[in-house]
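Before any comments, here is the structure.
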Amino acid sequence: MDEITQLPVTRLYPAHQQDLALEGLYLDHDLYGKGRPGRPFVYSNFITSLDGRIALASEAGTTHEVPAATANSRDWRLYQELAGQADLLVTSGRYFRQSLLGEAQDELPLGSRQAFDDIREWRAARGLAPQPDIAIMSSSLNIPLAALEPYRTRRIYVVTGEEADPDRAAALQDTGITVIRTGSGTKVNGRRMLDELARHEYRSIYAIAGPAVFHTLLESRIVDRLYLTITQQILGGNSYDTLSRGDLLDPAQGMRLVGLCHDPHAPNTAGQLFGVFEPQDPATDLRPDP
Ligand SMILES: NC(=O)c1ccc[n+]([C@@H]2O[C@H](COP(=O)([O-])OP(=O)(O)OC[C@H]3O[C@@H](n4cnc5c(N)ncnc54)[C@H](OP(=O)(O)O)[C@@H]3O)[C@@H](O)[C@H]2O)c1
């Protein structure tokens with residue numbers, strides 16, 4: 001295990017204030033157990049600066065990347081713990097294009113480092129496969145096959161709209177990838193995607209992509225929980241991403257605070273808050289899509 005991840009965090013909410021081990025903090029949430037047959041538990045996580053940046057323009061200016069100032073191994077440990085509880089990751093076509101450019105943050109979890117051995121053991125003890133399967137949301141179907149090679153031991157789905165390019169879809173299917181069409185045009189409908197994935201018996205779905213994917217899930221009111229790390233830094237920058245991008249959510253998605261910890265140990269010059277939020281009104285989950 002890493003020395004830095006052995007330092008505790010301080011729980012601020014629910015009261016009372018208490019020091020807790022960082023390692024195991026999120027594994028204890030048992031997200032896999034929260035999924036019901038036909039209705040997987042859907043969760044996401046972001047690390048953001050105080051001014052709301054989750055990504056800034058890369059040095060080459062070709063894509064956006066998680067800022068070096070915010071990325072840190074304590075948050076990364078919790079990210080791995082969240083992934084450890086998933087039987088399916090939802091990511092984006094853009095991730096694989098970035099990954100070929102060497103601009104993706106890292107390999108998709110679970111990470112192979114020894115420091116995460118206990119997370120692998122946690123999975124094995126619950127009968128989960130060594131690695132979560134992968135669903136890639138994409139309109140363009142521009143997904144470089146070479147970037148998928150490291151993940152061929154997992155089931156891979158590409159989720160797209162009804163009118164996405166049939167030749168590209170066929171080329172993906174020819175390599176053993178399951179293509180799911182859910183949504184008019186080329187855009188995925190979040191609720192229909194969830195229904196389809198539930199039919200494949202997934203129980204805990206972890207969305208690790210960025211603002212457009214997260215917005216798709218919010219629009220369909222299918223997010224059960226948001227893990228949000230707020231690093232206490234202000235970054236500025238002219239070209240950036242925030243948590244969500246898409247049409248106005250009407251009504252706005254209210255989120256109630258479920259948990260909050262303060263971490264004084266990272267990033268180096270600041271500290272960070274680990275927040276856990278759930279939809280204020282879970283009943284909205286039952287509303288039909290507009
Ligand atoms: N700080 C953090 O915690 C954090 C977390 C996640 C990501 N990020 C950063 O945020 C930036 C953006 O990440 P991202 O590109 O993965 O984010 P994204 O904006 O969620 O994904 C964009 C791509 O996802 C596909 N997509 C999204 N919604 C779709 C829908 N409804 N239907 C069909 N396809 C859809 C499209 O792929 P196609 O282009 O293939 O059609 C689209 O170009 C990156 O720099 C990433 O590193 C930061």
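Atom set for the values below is all heavy atoms of this structure, side chains included, hydrogens, waters and symmetry mates excluded. Keep in mind that what you see is a predicted model, and the values were worked out from it rather than measured. First listed ligand is number 1; within each ligand, the first listed atom is number 1.
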Quiz item: Any N or O on T186 sitting closer than 3.5 Å to an N or O of ligand 1?
Solution: no
Exercise. Return the set of residues passing ring pair (Phe, Tyr, Trp, His ring centres under 6.0 Å) with Y202 (not counting sequence neighbours), or none when no residue passes.
Key: Y157
Quiz item: Any N/O of F214 closer than 3.5 Å to an N/O of ligand 1?
Solution: no
Quiz item: Is E201 atom CD crowded by more than 12 heavy atoms from other residues, nucleotides or ligands, each under 6.0 Å away?
Solution: no
Practice problem: For E65, counting its heavy atoms only, list the atoms of ligand 1 lying under 4.0 Å from any of them. | Solution: 45 (O)
Exercise. Could you verify whether a donor N or O on one side chain and an acceptor N or O on the other, from T63 and Q98, lie under 3.5 Å apart?
Key: yes
Quiz item: Below 3.5 angstrom, do we get any N/O pair linking I54 and ligand 1?
Solution: yes
Quiz item: Measuring from the heavy atoms of R245, does anything fall under 4.0 Å of ligand 1?
Solution: yes
Quiz item: Numbering the atoms of ligand 1 from 1, which are under 4.0 Å from a heavy atom of H64?
Solution: 44 (C), 45 (O)
Quiz prompt | Within 45° cone of W122 ring axis and under 6.0 Å: R126 NZ or CZ | solution = yes
Quiz item: Any N or O of V159 that comes nearer than 3.5 Å to an N or O of ligand 1?
Solution: no
Quiz item: Does an N or O from Y95, backbone or side chain, lie closer than 3.5 Å to an N or O of ligand 1?
Solution: no
Exercise. Apply salt bridge (Lys or Arg N to Asp or Glu O under 4.0 Å) to D87 and list each qualifying residue two or more places apart in sequence or on a separate chain.
Key: none
Exercise. Measure the distances from the heavy atoms of R97 to every atom of ligand 1 and state whether one is below 4.0 angstrom.
Key: yes
Quiz prompt | For V158 against I177, the heavy-atom pair lying closest together | solution = CG2-CG2, 3.7 Å
Exercise. Is it possible for you to check whether R203 lies under 6.0 Å from the centre of the six-membered ring of Y32, through NZ or CZ, and within 45° of that ring's axis?
Key: yes
Quiz item: Would the number of heavy atoms belonging to other residues, nucleotides or ligands and lying under 6.0 Å from CZ of F277 be above 12?
Solution: yes
Quiz item: Could an N or O of ligand 1 be found under 3.5 Å from any N or O of K187, whether backbone or side chain?
Solution: no
Self-check item: Non-hydrogen atom of I208 closer than 4.0 Å to ligand 1
Solution: yes
Exercise. Check whether any heavy atom of T160 sits under 4.0 Å from an atom of ligand 1.
Key: no
Quiz item: So is I47 close enough to ligand 1, meaning a heavy atom under 4.0 angstrom away?
Solution: yes
